[in-house]
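So the structure is just underneath, and the comments pick up after that.
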Amino acid sequence: MYEFARGPLVWIAFIVFFLGLFYRLVMMIIQSRKDKVVLPYIKMKEGINSIAHWVIPFGSRNMRLRPAFTIISFLFHICLLITPVFVLGHIVLFQQSWGISWWHIPEQITNIMTMIVVVGGLFFFLRRIGDPTVRFVTSWSDFVLLIIVLAPFITGLMAYYQAFDYRTVITIHMISGALWLMVIPFTRIVHMLFFPFTRAYMGSEFGYVRNAKDW
Amino acid sequence: MEELVEKKVVDAGLDETIKKLTPQRIKEVVNRVLTRENAARLQVYLDTCVHCGLCAEACHTYLSRDNDPRFSPVGKVKETLWELVKRKGNVEPEFIRNMARIAFTECGVCRRCSMYCPFGIDIAYLLLVVRRICSLLGVVPQYLQDTTNSHAATSNQMWVNQDEWIDTLQWQEEEAQFELPSARIPLEKEGADVMYSVIAPEPKILAQLLANMAIIFKVAGEDWTMPATDGWDNSNMAMYSGDFEIMGRVEKLHWETAARLKVKKIVMGECGHAFRGAVYDGPRWLGWQFPPIPMVHAIEYYYDILSTGKIKIKEKYKEPITVQDPCNTVRGRGLGDKLRYIMNTICEDFRDMEPRFEHNYCCMAGGGTINCGPPWKRSRMVSNKVKAEQLKETGAHVVCTPCHNCHSGIEDIIGHYNLGLHVKFISELLIETMEIPEELKV
Ligand code: HEM
Ligand code: SF4
Ligand code: SF4
């Protein structure tokens with residue numbers, strides 16, 4: 001199992017991840033043509049302007065209205081995107097398999113970053129249960145997704161601290177990591193891919209067509 | 001609690017029409033709209049939404065109803081589109097009725113929520129898709145459907161006949177001449193600089209606004225005209241009832257009328273949804289990227305004539321006054337700064353609202369909600385408590401509303417919440433404050 005997770009599964013996961021994203025992207029473009037009123041109104045400048053206001057912390061009014069959420073969400077996403085790429089353990093594996101390596105973040109720091117992801121995820125989890133507005137639009141799939149998103153981080157920490165049987169934990173870590181990559185294109189986490197497009201479109205509809213701000 | 005207080009509203013447009021629905025018909029229409037009429041936006045928005053609820057606080061209905069989750073923008077989508085998609089259109093007639101109630105009477109398609117969703121998901125568009133389905137199924141609040149029927153039969157919103165139209169204009173020309181003998185309402189003047197277009201409630205119930213305009217245009221020295229034929233009405237309730245075929249026809253006639261008169265531009269009265277229909281939704285349905293002739297909203301026009309000194313203010317308006325930023329011209333055209341310029345030029349004691357500009361709350365009358373008629377008025381009032389609080393906080397005695405829907409909607413809110421404010425259009429303020437040169441008075 002460990003061998004499979006370390007070898008073929010990683011390949012499968014990356015292929016599904018990239019092909020899946022590519023497929024979603026192509027479908028989106030084809031459908032945007034069918035939806036005739038989208039493409040003619042998208043403008044680079046206004047689109048980027050809107051994206052900028054929404055990827056800079058507190059760049060939009062809604063972020064300022066809920067500072068705690070904004071900070072948690074940004075920390076969660078930044079750590080979630082950066083940690084897997086720059087954690088030493090992953091780079092060592094790449095080095096062993098393909099002979100390539102790159103700069104890594106010291107392990108004490110990636111540890112903290114991983115914990116931030118877990119805490120952030122926990123916060124989202126509790127919010128789904130505790131906030132009636134969020135609970136109303138929550139279904140079981142939202143919890144499942146959160147578990148899939150958090151699993152590699154939790155098992156990663158457990159592996160680092162050698163909790164339980166290392167080999168079992170690291171196998172689960174690899175499997176859940178692969179699952180993590182593979183579900184991205186086909187679930188709501190596809191928001192990662194669509195975010196720049198939906199934002200740029202709305203930014204253009206506001207900024208270019210309507211001369212107004214959308215942040 | 002709320003559920004106990006709130007009795008089910010009786011509306012034949014919903015209650016009677018759902019009796020005729022069959023499961024096949026529902027499924028057919030739902031699938032046609034979801035898969036044939038809509039593509040990328042629907043799909044991407046539904047897949048991207050992370051169910052985070054960040055859009056909730058954007059919506060005045062949610063805020064006004066003590067954060068009731070059913071009234072958050074995403075909550076409304078959940079109760080309508082998510083279910084339709086999940087059940088592939090296999091829903092019962094009662095579901096369609098609920099869907100119509102939500103989409104027509106609990107959302108003003110004001111688009112404020114797109115500025116609060118981190119992905120910029122256009123929830124107003126999603127709820128317009130729902131309205132479209134309801135419209136094709138014939139399940140539309142009766143009063144709203146009546147306006148659409150009127151558009152279909154007469155090309156205007158309020159069953160105004162051509163002779164009534166011309167009669168009203170002549171009557172208002174005479175009224176204007178009592179104030180300013182040289183005022184005119186020139187009909188059918190080919191090649192004029194400006195075609196002035198209004199919404200049907202003006203000739204029908206607020207005719208004095210036409211006389212006001214005759215005076216303002218005279219003082220500003222404008223070369224203007226109005227059509228004597230159908231095509232004078234720029235309002236468009238079909239856009240909101242989901243009958244896009246009729247929406248397209250109405251807009252086409254309006255633009256063709258301007259083209260026939262060979263005018264350089266259209267100036268339109270103080271109405272927001274009409275601007276939206278004429279400049280955005282209409283042209284897009286007709287396959288035009290942008291309108292064929294420039295269209296200028298009253299706010300822009302007043303800004304122009306005030307800032308270039310074509311009209312001057314004799315004595316500023318004294319009462320403390322605030323202003324409502326209409327969704328369709330401020331969020332929908334960025335006219336907020338020009339509106340402030342006008343207010344500060346005309347008024348001595350202007351007190352701004354909070355939040356304002358693009359972030360102002362909708363009046364909950366636009367988007368066709370007020371046109372759903374008296375049965376839904378109470379619900380509409382409950383849905384906009386925040387507007388009442390916002391108005392009260394300004395401490396103003398008067399609120400200026402450069403939009404017909406805002407005007408009526410805010411008048412209702414003032415009555416319902418006993419705020420004791422007065423509501424005025426910009427044109428009314430102008431008539432009270434502007435200087436009329438002596439040489440025009442003969
Ligand atoms: C560049 C890529 C990404 C962008 C711009 C982005 C953006 C967002 C935004 C705007 C939200 C809305 C709520 C919030 O602000 O927290 C969100 C929520 C979320 N995102 Fe992302 N995201 C990205 C990548 C990812 C990835 C790769 C994952 C996981 C694999 C992920 C998982 C989540 C989760 C779990 C939530 C919280 C949903 C909830 O409330 O339960 N995101 N993201
Ligand atoms: S009323 Fe406005 S803010 Fe509320 S859901 Fe509809 S479009 Fe969004
Ligand atoms: S803010 Fe956007 S992503 Fe979040 S629930 Fe509302 S529509 Fe969905």
Side-chain angles (χ1 to χ4, degrees), chain A residues 24 27-41 50-51 54-55 60-63 65-66 69 73 124 127-128 131-139 141-142 145 186-195 197-203 205-207 209-215, chain B residues 36-58 62 67-72 74-75 77-79 82 86 111 114-122 276 279-281 283-285 287 289-290 328-336 355 357-359:
Chain A
R24 295 300 307 249
M27 284 310 285
M28 183 192 74
I29 293 169
I30 293 175
Q31 286 193 321
S32 307
R33 294 215 179 143
K34 240 178 94 188
D35 220 351
K36 297 191 171 49
V37 294
V38 177
L39 298 179
Y41 298 102
S50 171
I51 293 174
W54 285 90
V55 295
S60 70
R61 181 172 192 260
N62 204 10
M63 291 185 205
L65 288 179
R66 38 175 101 227
F69 185 94
S73 168
F124 288 135
R127 215 176 142 254
R128 288 214 172 276
D131 182 331
T133 305
V134 190
R135 190 169 57 220
F136 184 69
V137 292
T138 295
S139 59
S141 66
D142 294 292
L145 265 186
F186 307 105
T187 60
R188 278 186 285 290
I189 307 176
V190 75
H191 70 261
M192 169 187 165
L193 173 69
F194 287 153
F195 171 80
F197 298 99
T198 53
R199 198 73 256 173
Y201 170 61
M202 195 41 80
E205 282 281 10
F206 270 74
V209 180
R210 292 177 172 75
N211 189 29
K213 300 193 207 64
D214 67 337
W215 52 79
Chain B
R36 297 236 317 274
E37 289 192 6
N38 291 280
R41 284 178 297 168
L42 183 65
Q43 183 74 42
V44 170
Y45 288 156
L46 289 177
D47 287 350
T48 303
C49 174
V50 290
H51 309 176
C52 64
L54 292 181
C55 47
E57 260 115 78
Y62 171 84
N67 299 359
D68 182 337
R70 290 174 305 159
F71 289 84
S72 79
V74 60
V77 179
K78 173 203 150 106
E79 293 207 304
W82 290 3
K86 200 163 84 193
R111 288 180 120 205
S114 336
M115 307 165 51
Y116 287 75
C117 168
F119 300 99
I121 292 177
D122 192 347
R276 170 180 179 160
V279 175
Y280 305 126
D281 296 36
R284 289 180 188 199
W285 179 263
Q289 190 180 4
F290 292 111
N328 284 320
T329 49
V330 173
R331 195 171 308 122
R333 189 61 162 192
L335 296 183
F357 286 94
E358 287 96 336
H359 290 279

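Residue numbers start from 1 in every chain, and the chains themselves are labelled A, B, ... in the order their sequence lines are given, proteins ahead of strands.
Within the 4.5 angstrom heavy-atom criterion, only side-chain atoms of Ser72(B), from C-beta onward, approach chain A. Both the backbone and the side chain of Val209(A) come within contact range of chain B, with heavy atoms under 4.5 Å apart. Heavy atoms closer than 4.5 Å to chain A are found nowhere in Phe357(B), neither backbone nor side chain. Looking at Phe69(A), only its side chain comes within 4.5 Å of chain B, counting heavy atoms on both sides. Neither the backbone nor the side chain of Arg33(A) comes within contact range of chain B; no heavy atoms are under 4.5 Å apart. Of the atoms belonging to Val279(B), not a single heavy atom falls under 4.5 Å from chain A. Of the atoms belonging to Tyr201(A), it is side-chain heavy atoms, and not backbone ones, that fall under 4.5 Å from chain B. Heavy atoms of Leu65(A) lying under 4.5 Å from chain B belong exclusively to its side chain.
Within the model, atoms CG of Asp214(A) and CG of Asp122(B) stand 11.0 Å from one another, a figure rounded to the nearest 0.5 Å. Here the CZ atom belonging to Arg127(A) is positioned 6.5 Å from the SG atom belonging to Cys52(B), to the nearest 0.5 angstrom. Between Ser139(A) atom OG and Lys86(B) atom NZ the span is 7.0 Å, to the nearest 0.5 Å. To the nearest 0.5 Å, atom CZ of residue Phe119(B) and atom NE2 of residue His191(A) are 4.5 Å apart.
Checked by atom type, the side-chain pair Ser60(A)/Tyr116(B) shows no donor-acceptor distance below 3.5 Å.
A distance-only check finds no donor-acceptor pair linking the side chain of Ser32(A) to the backbone of Ala40(B) [under 3.5 Å]. Under a 3.5 Å cut-off, the side chain of Asn67(B) and the backbone N or O of Thr133(A) do not form any donor-acceptor pair. Panel note: side chain His359(B), backbone Trp215(A); a donor-acceptor pair is recorded below 3.5 Å. Without hydrogens or angle criteria, Lys78(B) side chain to Phe136(A) main chain gives a donor-acceptor distance under 3.5 Å.
Residues satisfying the side-chain hydrogen bond (donor to acceptor under 3.5 Å, both in side chains) criterion with Arg210(A), sequence neighbours excluded, are Glu205(A). Residues satisfying the side chain to side chain contact (heavy atoms under 4.5 Å, CB included) criterion with Val37(A), sequence neighbours excluded, are Tyr41(A), Arg41(B), Arg284(B).
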(request) Might you work through the side chain to side chain contact (heavy atoms under 4.5 Å, CB included) test for Gln43(B) and Gln31(A), ending with a clear yes or no? (result) CA-CA 9 Å; Gln43(B) 183 74 42; Gln31(A) 286 193 321; 3.5 Å; yes
(request) Mind running side chain to side chain contact (heavy atoms under 4.5 Å, CB included) on Arg24(A) and Asp47(B) for me, showing each step along the way? (result) CA-CA 11 Å; Arg24(A) 295 300 307 249; Asp47(B) 287 350; 2.5 Å; yes
(request) Could you give me the CA-CA distance, side-chain angles and deciding distance for Phe197(A) and Val44(B), then say whether side chain to side chain contact (heavy atoms under 4.5 Å, CB included) is met? (result) CA-CA 9 Å; Phe197(A) 298 99; Val44(B) 170; over 6 Å; no
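Considering only heavy atoms from C-beta on, Pro118(B) stays 4.5 Å or farther from Met63(A) through its side chain. Annotation: side chain of His51(B) is in contact with side chain of Arg188(A) (closest heavy-atom distance under 4.5 Å).
Per-residue heavy-atom pair counts under 4.5 Å with chain B were compared for Met28(A), Arg199(A), Arg66(A), and the maximum is reached by Arg199(A). Ranking Leu335(B), Val74(B), Val50(B), Leu54(B) against chain A, the residue ahead of the rest is Leu54(B), based on heavy-atom pairs under 4.5 Å. Chain B forms the most heavy-atom pairs under 4.5 Å with one residue out of Asp131(A), Val190(A), Asn211(A), Val137(A), and that residue is Val137(A). Considering only heavy-atom pairs separated by less than 4.5 Å from chain B, the leading option among Trp54(A), Phe194(A), Phe206(A) is Trp54(A). By number of non-hydrogen pairs under 4.5 angstrom with chain A, the leading residue of Glu79(B), Arg111(B), Gln289(B), Arg331(B) is Gln289(B).
With a 6.0 Å radius and a threshold of 12 heavy atoms from other residues, nucleotides or ligands, Lys213(A) has its NZ atom at or below the threshold. Other residues, nucleotides and ligands contribute more than 12 heavy atoms inside 6.0 Å of the CZ atom of Arg135(A).
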